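Fair warning: this is a prediction, and the values are worked out from it, not measured in the lab. Within every chain, numbering begins at 1; the chains are lettered A, B, ... in the order of the sequence lines, protein sequences first and strands thereafter.
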Number of protein chains: 2
Amino acid sequence: MAGPGRGVTIADVAARAGVAASTVSYVLSGKRSISPETADRVMHAVADLGYHPHAGARSLASRRAGVVAMMLPLRDGMHLPVLMQFASGAVTEARCHDQDVLLMTADEGPAGLARVAASAIVDGLILMDVEVRDPRVETLRRLGLPSVLIGFPADAAGLTCVDLDFTAAGRVCAEYLRERGCGDIALLGASEAVYARRTGFAERVREGFLGRSGPGATVQPCPDDPVSVQRTVKELLAANPALNGIAVHNEPAVGHVMHALADAGKLVGEDFHVVVIGPDEVAERVHPQLPSVLVPAETLAETAVRHLMRKLDGLDVPDSTLVEPQLTIR
Amino acid sequence: MAGPGRGVTIADVAARAGVAASTVSYVLSGKRSISPETADRVMHAVADLGYHPHAGARSLASRRAGVVAMMLPLRDGMHLPVLMQFASGAVTEARCHDQDVLLMTADEGPAGLARVAASAIVDGLILMDVEVRDPRVETLRRLGLPSVLIGFPADAAGLTCVDLDFTAAGRVCAEYLRERGCGDIALLGASEAVYARRTGFAERVREGFLGRSGPGATVQPCPDDPVSVQRTVKELLAANPALNGIAVHNEPAVGHVMHALADAGKLVGEDFHVVVIGPDEVAERVHPQLPSVLVPAETLAETAVRHLMRKLDGLDVPDSTLVEPQLTIR
DNA sequence: TTCCTCAATCGAAGCGCTTCGACAAGCTTC
DNA sequence: GAAGCTTGTCGAAGCGCTTCGATTGAGGAA
């Protein structure tokens, strides 16, 4: 079952290069200066033997695991592709810093955080999809494990948070519709449950959308099944016949909204305008293609990981980072 | 930054329980018999102090990391929600066995496998979305790292593989359509590129679909943008006006197929039948709802993890496990 | 009683790495 | 040319855990 050699150790490398094990360690870490010739010999030995330091030994001796945890909410209702992009972005960025990523689900909750902290299996933590009142936040503060949150809890004091500026996203959508000459506009959001759970981003989009819109702006939560969407759009139009702009912040509903509008005789892009907050594919897969504000999952993930790396190195990072939304016109 | 105590060690637990460190270790691992009273005292000390063994130290001493890697393809064209379900299922199941999951992307390729194997950061490996000719497979064999593959490479000898029985899935779809009285049927698959890449499941669905269908069955690769789908469906109908059944194995295309059929005046569920291979939501979010064969990502993930755990314990597992497809009629 | 066994526990030896202090050379600097 | 720096390297001491004898005392067999 095992390959040959069964574990190349630093001693093997040292022997082959004719130096002490500590010298190999210093060559690899760069923590002390080593003559170029020695370094060269060591690097050759490393390559020849295919040496990789034993992660456990390294973590034990250096008190650095070289692993960060990422806690993802795998509950329903999240838009999965976005999460996946996030995960992928985080892994890629972490690998650039020679770190691995441990995947945790939010089900483990605060106890999971305590476990990984105490077992020193990870050096730091990225917490996705933080809610306004999130039970993990208190534990996190107590543990003092370096961490970066995606999303903003109610009390973000002392925490490092990163997110799309959803307030701005809401505002951008409203502005887009206004510029197209829409007098009465509506935000068709996620289902009531999402608001009830106090998901930060849903609330902030609403605020941004309403904030600058003046009168004539409505917010309407909406489930994402076809029937409800159809009904909701009909009701919005019935309640306000002058309505001529909708922002949709509900990925699966976009297609259904377009149908409902077509059924109502609205010509999207002409006498009616629609803008989407969501992934590009969603806005591209309908006809006509819609303008949209992207949730830049990869950028967020990268930023989060980079911030975490800086924290692990004892460097400063801003407490709060809001990524500017970009409106893509199609 | 740090919590109080800065690391509870086994020595702390031992001191509090009035025993030797080795005794604590034996209580925790159950590898030697310990009197109930002592065990009890130790467990109390563990709980009181919130002790969790240091993962690195444990891995160094016991040569078991308590972590398995999961390598996911994060390339485009995969249906992300399914991957996510898979990941979530794997993490949940792994936690039941007291293991953590390290997330790797397929970009790291064979070198990534070599790295994790050599650094002993993981005990085993789950490889998702294995292709017919997969460069990772050879490395895997050479490394001898315990592993389970999702999907079947061309030469699966000596490997443990798990997958949905896609051949049966193709057959089930064909049979469903036949039973509904469809004489001429087609399989609308993923884009040409997926077949070109020799993705195992695409090929096997095709074989299963054609296998028992006798004459009158076609397979048509198809990109997933609305325009191509529309065109492809039109062409299929033009080429064979008698066509009255389609199996769609292309998640994003399902909605567009339904439109195209409606445009062509076909009444799905009456004079025309459609069946989907894909997630439930996809089949439920169109009108009328369609029958579908689910890719049981969670089941596959659980099975894969369970097999891996058995291998880590030196137990036997079947080389090849095919999960039976289930057709859900709606 | 004496000898043996067995269950329960302890102490010590590593696991492979990092890191600290030491120490030779080879430089300056006066 | 002695004193003081640097620079490059080494050896040894752990990091916190598991595991392998060794040890102790109690119970049974003889």
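Residue-to-nucleotide proximity on DNA chain C shows that, of Ala39(B) and Gly56(A), the 5′-proximal contact is made by Ala39(B). Annotation: of the two residues near DNA chain D, Ala20(A) and Pro53(B), the 5′-most nearest-nucleotide partner is Ala20(A).
Of the side-chain N and O atoms in Lys31(A), none sit less than 4.0 angstrom from OP1 or OP2 of dT18(C). Contact annotation: Ser25(B) side-chain N/O to dT18(D) OP1/OP2 distance is under 4.0 Å. Under 4.0 angstrom from either OP1 or OP2 of dT7(D) there lies no side-chain N or O belonging to Ser35(A). Between Arg63(B) and dG16(C), a side-chain N or O to OP1/OP2 separation shorter than 4.0 Å is present. In this structure, Thr38(A) reaches the dT9(D) phosphate: one of its side-chain N or O atoms is under 4.0 Å from OP1 or OP2.
The CZ-C1' distance, from Arg41(A) to dG8(D), rounds to 12 Å in whole Å. Computed from coordinates, the Ile34(B) CD1 to dC6(C) P distance equals 18 Å when rounded to whole Å. One can place CG of Leu60(B) at 13 Å from C1' of dT19(D), the figure rounded to the nearest angstrom. For the pair Arg58(B) CZ and dC15(D) P, the computed distance is 19 Å after rounding to whole Å. Distance CD1 (Ile121(B)) to P (dC17(C)): 14 Å, rounded to an integer number of Å. Note: CD1 (Ile10(A)) to C1' (dG11(D)) measures 14 Å, nearest angstrom. Rounded to a whole Å, the CD atom of Glu37(B) is 13 Å from the C1' atom of dT9(C). Atom CG in Leu28(B) sits roughly 13 Å away from atom C1' in dG16(D) (whole-Å rounding).
Judged by distance alone with a 3.5 Å cut-off, a donor-acceptor contact links the side chain of Tyr26(B) to the base of dC20(D). A donor-acceptor contact under 3.5 angstrom links the side-chain atoms of Ser22(A) to the base of dG11(D). Within 3.5 Å, a donor on the side chain of Arg32(B) pairs with an acceptor on the base of dG21(D), or the reverse.
Closest non-hydrogen pair, Leu308(B) versus Val148(B), comes out as N-CG2, 3.6 Å. What you find for Leu312(B) and Asp123(B) is that their closest heavy atoms are CD2-O, 3.3 Å.
Using a 4.0 Å heavy-atom distance criterion, Ser62(A) is classed as a sugar-phosphate-only contact.
Looking at Asp319(B), Thr160(B), Thr321(B) one by one, the single match for side-chain hydrogen bond (donor to acceptor under 3.5 Å, both in side chains) with His307(B) turns out to be Thr321(B).
Donor-acceptor pairing under 3.5 Å is lacking for the side chains of Ser25(B) and Ser22(B).
Here the side chain of Lys311(A) pairs a donor or acceptor atom with the backbone of Ser147(A) at under 3.5 angstrom.
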